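Data block below; observations after.
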Amino acid sequence: MTDLSVRIGSLTLKNPVMPASGTFGPELAPLLDINLLGAIVPKSITLSARGGNQTPRVCETDGGMINSIGIQSKGIEQYITHILPVYQDYDPPLIASISGESIVEFELLAARLDKQPGVAALELNISCPNLRDNGQAFGMSAETTDELLRTVRKVTGKPLIAKLTPNVTRIQDIAEAAERGGADALTVANTFLAMAIDTETRKPRIGNIMGGLSGAAVKPLIVRLIYQAHQATDLPIIGSGGIMNGQDAIEMILAGATAVQIGTATFVQPNAMNIITDEITDYLERHHIDQITDLIGQVDVS
Amino acid sequence: MTDLSVRIGSLTLKNPVMPASGTFGPELAPLLDINLLGAIVPKSITLSARGGNQTPRVCETDGGMINSIGIQSKGIEQYITHILPVYQDYDPPLIASISGESIVEFELLAARLDKQPGVAALELNISCPNLRDNGQAFGMSAETTDELLRTVRKVTGKPLIAKLTPNVTRIQDIAEAAERGGADALTVANTFLAMAIDTETRKPRIGNIMGGLSGAAVKPLIVRLIYQAHQATDLPIIGSGGIMNGQDAIEMILAGATAVQIGTATFVQPNAMNIITDEITDYLERHHIDQITDLIGQVDVS
Amino acid sequence: MTLDVSALDRPVQPGQFFHIRCSDNWKHPLRRPLSVYNYDHESHCLEFLYLVKGNGTQQMTLMRKGDTLSLLGPLGHGFTLPDQGALLLIARGVGVATLHALARQARSENMEVHVIMSARTPGDLLTVDTLSRLGATVYTVTDQEGTSSVESVRALSETLICEEGISAIYTCGSSRLGKLVQELAETYHLKGELATEAHMACGIGDCYACACTIRKGNQLKTVRVCTEGPVFPISQAVLQ
Amino acid sequence: MTLDVSALDRPVQPGQFFHIRCSDNWKHPLRRPLSVYNYDHESHCLEFLYLVKGNGTQQMTLMRKGDTLSLLGPLGHGFTLPDQGALLLIARGVGVATLHALARQARSENMEVHVIMSARTPGDLLTVDTLSRLGATVYTVTDQEGTSSVESVRALSETLICEEGISAIYTCGSSRLGKLVQELAETYHLKGELATEAHMACGIGDCYACACTIRKGNQLKTVRVCTEGPVFPISQAVLQ
Ligand SMILES: Cc1cc2nc3c(=O)[nH]c(=O)nc-3n(C[C@H](O)[C@H](O)[C@H](O)COP(=O)(O)OP(=O)(O)OC[C@H]3O[C@@H](n4cnc5c(N)ncnc54)[C@H](O)[C@@H]3O)c2cc1C
Ligand SMILES: Cc1cc2nc3c(=O)[nH]c(=O)nc-3n(C[C@H](O)[C@H](O)[C@H](O)COP(=O)(O)OP(=O)(O)OC[C@H]3O[C@@H](n4cnc5c(N)ncnc54)[C@H](O)[C@@H]3O)c2cc1C
Ligand SMILES: Cc1cc2nc3c(=O)[nH]c(=O)nc-3n(C[C@H](O)[C@H](O)[C@H](O)COP(=O)(O)O)c2cc1C
Ligand SMILES: Cc1cc2nc3c(=O)[nH]c(=O)nc-3n(C[C@H](O)[C@H](O)[C@H](O)COP(=O)(O)O)c2cc1C
Ligand code: FES
Ligand code: FES
């Protein structure tokens with residue numbers, strides 16, 4: 001029997017495959033076996049209601065897509081009363097992605113969710129390129145990252161996963177800051193700030209001018225960021241960006257990821273996560289590897 | 001008659017299409033009409049001879065490639081005696097790309113080339129991810145960029161083009177630093193630090209572990225970087241990264257580029273630059289635009 | 001394009017759409033939404049009518065008899081028929097695809113259907129014959145003939161409303177005509193519905209890519225076209 | 001794969017290669033190098049023999065009669081024949097492709113050709129028959145039969161060298177055999193050449209992707225396989 005289970009801080013997942021925040025919802029239930037996921041990750045939630053960004057909010061680019069949803073949300077209270085219960089009847093633990101506009105908001109969100117038994121861990125979206133001006137994010141500064149983690153750490157005992165931005169000069173510095181601040185794990189990474197212009201209309205193809213690039217096109221950048229973050233910290237890493245199949249997931253695990261998140265692939269094929277889990281199992285069996293944890297960070301750089 | 005000419009500092013190019021350093025050589029002559037280029041840009045030259053990096057030095061990724069050539073060069077003297085003369089008989093002005101391992105080396109290289117009539121401008125490769133440890137580059141620091149430009153500025157009157165790295169948190173800061181330091185133009189940008197792993201052998205697919213990603217996959221990131229740099233400075237920008245056809249070139253010009261460099265596309269199709277120039281002309285004619293300069297930065301963000 | 005969708009076990013409403021993987025071309029990963037043009041519940045034949053716009057629709061033209069296509073659907077909320085009275089459909093361009101399905105449904109329930117079809121040139125007018133064959137009365141207007149101005153369409157519509165016992169009015173494909181329909185519905189107290197479009201990623205309600213603003217009472221609300229739409233009561237539409 | 005390359009106006013040497021755009025699949029932009037397996041100067045027929053390895057070669061298998069292919073070439077430096085004497089070719093796996101062209105050329109100049117062909121299994125031995133038909137003497141060794149160890153090949157080679165008047169020795173496809181050939185060439189003072197492989201981008205000498213290290217005199221030098229190679233004098237080869 002191949003053992004797919006992995007640990008993210010104190011949390012054990014039965015397999016390393018989970019959705020990327022913002023690309024998953026209960027609407028997938030008829031198309032995907034949610035109980036076969038390693039974890040459930042709903043869309044990032046904000047403290048108060050937000051309308052989201054201008055349309056168009058998505059555009060296709062070669063081998064990927066740009067999105068600028070801007071976190072449309074009905075606020076934390078509605079999340080607790082309406083969103084969390086929807087997932088109660090599924091087996092996988094729920095990782096709540098939270099997104100504040102200030103450190104205080106992150107603190108309030110974490111404190112509020114700390115009391116929710118339905119929340120197994122928190123993912124701190126300190127990296128959304130679509131909330132603040134010109135793609136700025138908390139995760140672009142090591143100091144802010146450290147302070148933010150430190151503040152949130154004080155108000156909750158649940159595992160904290162810092163979702164880093166790839167739009168930085170040295171992800172190692174941010175990874176270390178998150179570890180110092182008390183993160184239990186890192187998600188590497190959110191989307192890449194990007195832009196596309198329609199040459200016929202001369203208009204940006206995203207209403208908000210810029211947005212976040214995801215999908216296959218970004219994979220070689222994410223593999224590099226995982227490798228760098230893994231060298232810089234001992235924290236478990238959740239790889240996210242461009243995974244389209246099991247081989248991509250294995251590539252990230254070899255680079256240093258403990259688990260993986262799937263986003264864009266789900267838009268292409270709603271049951272992509274189930275297929276990817278099967279492909280990971282096939283790979284392990286073919287290579288006679290008993291436990292997936294034996295692969296983590298095992299890229300051979302000799 | 002459509003006017004394709006553009007100005008890069010004091011240099012006038014008859015059209016905005018030129019090769020990206022490291023992807024061009026006289027061997028293209030039978031396959032490409034070099035006299036139809038806006039400029040000639042040979043491979044970056046270093047002060048002393050360098051052997052380059054371990055093999056494999058290139059690998060294909062989805063919609064792009066990673067390279068880690070590491071600037072194999074025979075040194076500046078051989079460049080002056082053997083490389084420059086090769087291009088003497090072609091019309092387009094030659095932009096010499098120089099790559100130092102220290103600010104002093106950049107200074108020495110610039111001083112040496114300042115006296116060469118065959119060199120119309122200098123491109124400072126302050127952004128090669130393949131020279132120093134783990135993809136570090138001068139262009140990752142605004143201070144170093146400023147100081148480097150300032151130093152080089154003192155030793156040459158030729159137009160200075162700073163080739164920026166995309167692997168930074170805020171390209172605006174680096175663009176401003178280069179402008180302050182005395183740059184006449186910016187190339188946006190060099191390659192993205194990237195990594196790929198062969199899941200069967202578990203080895204990195206590049207001998208040097210990491211390398212620089214180029215090709216179509218990076219275009220939406222480069223368009224964004226051009227847009228940001230154009231907002232931050234008044235310098236003419238040479239867009240570079242992922243241009244495969246005339247429409248891609250127009251997209252970058254709308255984002256704020258004055259000229260464009262073509263690299264990976266030449267590997268796919270050796271006469272790509274000639275085709276792209278024709279496609280740009282077709283676009284201008286179809287849209288009844290007399291001068292390409294009327295398009296620069298004209299993305300409609302209203 | 002006609003497909004055999006025997007696996008489909010749900011009813012398909014006019015106005016609903018399918019989210020289509022046009023090819024396995026890695027360069028163009030996203031699915032494309034296309035309205036149901038016609039669905040025959042007996043033969044399980046599903047038809048789309050589409051305009052070749054970019055790569056996705058281009059790829060679809062390359063499909064040959066016997067090829068298979070990955071579809072998600074039927075998705076979204078379709079049109080609702082009035083309890084009685086005649087229908088007026090006002091379509092522009094390929095917007096006729098979705099209204100066509102509605103016309104067919106209404107005709108199958110023996111309702112009277114009038115269709116005003118607008119296009120740039122007479123050559124761009126689609127499916128006039130099929131609609132006529134269904135027993136719908138078709139009026140065509142085009143830019144080229146100078147008959148498609150909002151004012152002309154308004155005049156024609158008002159005549160029809162007054163003379164033909166129209167109880168419900170539907171539109172798709174033009175925001176100028178959408179506005180007109182909104183005014184007509186309000187003035188003449190008609191049931192009115194509008195089919196909207198939006199760029200989509202998931203197509204099933206998860207990603208909020210397809211947001212559009214609607215008016216509910218006095219409040220503006222952002223909803224998902226793929227889930228709350230693509231058909232909305234015309235009174236809720238916010239059109240500029 | 002056989003191509004009509006009537007546009008080709010240059011002679012093609014055995015050991016040279018073509019740089020091939022295997023498809024216009026955007027996902028896989030780079031060209032792939034393939035050695036000339038056979039070129040008929042009269043009919044302008046160019047043949048490749050390739051192993052299906054990854055996407056590029058896979059795409060090539062999808063090509064049908066009548067399709068066209070974008071090729072750059074002939075590129076690089078090919079093999080040189082000895083002034084006289086017999087040739088010994090030692091090939092492993094698909095390395096036989098490039099040596100095959102050499103065998104054909106040598107036979108057309110009436111030189112005697114001996115080929116030791118090594119592979120994992122007898123089923124992996126390629127083009128034995130064609131080589132025999134050309135008049136080459138073929139010796140096959142395989143891992144499966146336990147006949148392919150360097151020592152066995154050395155013994156066989158030494159016998160041939162002593163008995164068949166071998167004046168030049170060529171190899172491709174295995175660095176262990178390359179080393180052997182290097183030793184044999186030195187010991188027996190034979191002309192020796194090796195065809196190498198390297199990952200390439202441009203294929204024409206511009207990008208320095210295809211670097212390999214050679215020994216010239218006492219110095220190590222980095223050269224481009226696509227331009228200075230792919231065939232090198234065996235004495236220059238640096239093999240580990
Ligand atoms: C609910 C709904 C029903 C539709 N029904 C029909 C129909 O029956 N017949 C028909 O011809 N067209 C219909 N459309 C429009 C159709 O989806 C687009 O024409 C199609 O997606 C264009 O894809 P492309 O690859 O050819 O063009 P491209 O311009 O290459 O597409 C690039 C991206 O933009 C998106 N996109 C481009 N135009 C539109 C658009 N108008 N609406 C939504 N996304 C767009 C594409 O889905 C793709 O993601 C409908 C749209 C919606 C939202
Ligand atoms: C000068 C030369 C001549 C060759 N002649 C032949 C021949 O006659 N027959 C034959 O079967 N093979 C030959 N090869 C090897 C052939 O180029 C590779 O098998 C082929 O490129 C694999 O491409 P792929 O897309 O199938 O594999 P993939 O593994 O998907 O290729 C991915 C990338 O790696 C490169 N690559 C992978 N393997 C090699 C390799 N061994 N050498 C160089 N690049 C590689 C590809 O070109 C591509 O860029 C030759 C190589 C060289 C350098
Ligand atoms: C439509 C869309 C919405 C997203 N929303 C969020 C979000 O709310 N919070 C977040 O942390 N990441 C969000 N992301 C980023 C994804 O979680 C993920 O990190 C990214 O898409 C890269 O993975 P992929 O290439 O597998 O899609 C979103 C991505 C997309 C495409
Ligand atoms: C094989 C290769 C070698 C390169 N060598 C250099 C170099 O020597 N100096 C430099 O400034 N950029 C170098 N680059 C970067 C290119 O000049 C260019 O900025 C990059 O490839 C992006 O453009 P593209 O997507 O059109 O290839 C190299 C790129 C490649 C692919
Ligand atoms: S397209 Fe994803 S919510 Fe509508
Ligand atoms: S492949 Fe470019 S120099 Fe050889």
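In what follows, chains are A, B, ... by sequence order, proteins preceding strands, each numbered from 1. Not measured: the values here are computed from a predicted model.
Residue contact with chain B, scored on non-hydrogen atoms closer than 4.5 Å, is absent for A:Ile253. Heavy atoms of B:Ile209 lying under 4.5 Å from chain A belong exclusively to its side chain. Both the backbone and the side chain of A:Leu221 come within contact range of chain B, judged by heavy atoms closer than 4.5 Å. For B:Ile250, the parts lying under 4.5 angstrom from a heavy atom of chain A are both the backbone and the side chain.
B:Gln228 pairs with exactly one of B:His230, B:Gln231, B:Arg224 by the side chain to side chain donor-acceptor pair (under 3.5 Å) rule, that one being B:Arg224. The residue from A:Thr187, A:Thr191, A:Asn190 that alone fulfils the side chain to side chain donor-acceptor pair (under 3.5 Å) condition with A:Ser127 is A:Asn190.
The most heavy-atom pairs under 4.5 Å with chain A, out of B:Glu200, B:Met195, B:Arg286, B:Arg170, come from B:Met195. With chain A as the partner, the residue from B:Val218, B:Asp62, B:Leu213, B:Ile222 showing the most heavy-atom pairs under 4.5 Å is B:Leu213. By number of non-hydrogen pairs under 4.5 angstrom with chain B, the leading residue of A:Thr61, A:Thr165, A:Val301 is A:Val301. The most heavy-atom pairs under 4.5 Å with chain A, out of B:Thr201, B:Val223, B:Ile226, come from B:Val223. When each of A:Pro220, A:Ala255, A:Ala217 is checked for heavy-atom pairs under 4.5 Å with chain B, A:Pro220 comes out on top.
Checked for salt-bridge contact, A:Lys203 and B:Asp300 meet the test: a charged N lies under 4.0 Å from a carboxylate O. Between A:Glu60 and A:Arg205, no side-chain nitrogen of the basic residue sits less than 4.0 Å from a carboxylate oxygen of the acidic one, so the salt-bridge criterion is not met.
A heavy-atom distance below 4.5 Å is not found between the side chains of A:Phe267 and A:Val58. Contact of the A:Ile238 side chain with the A:Val188 side chain is not registered, since no non-hydrogen atoms from C-beta on lie closer than 4.5 Å. A 4.5 Å side-chain heavy-atom check between A:Ile103 and A:Glu147 finds at least one atom pair inside the cut-off.
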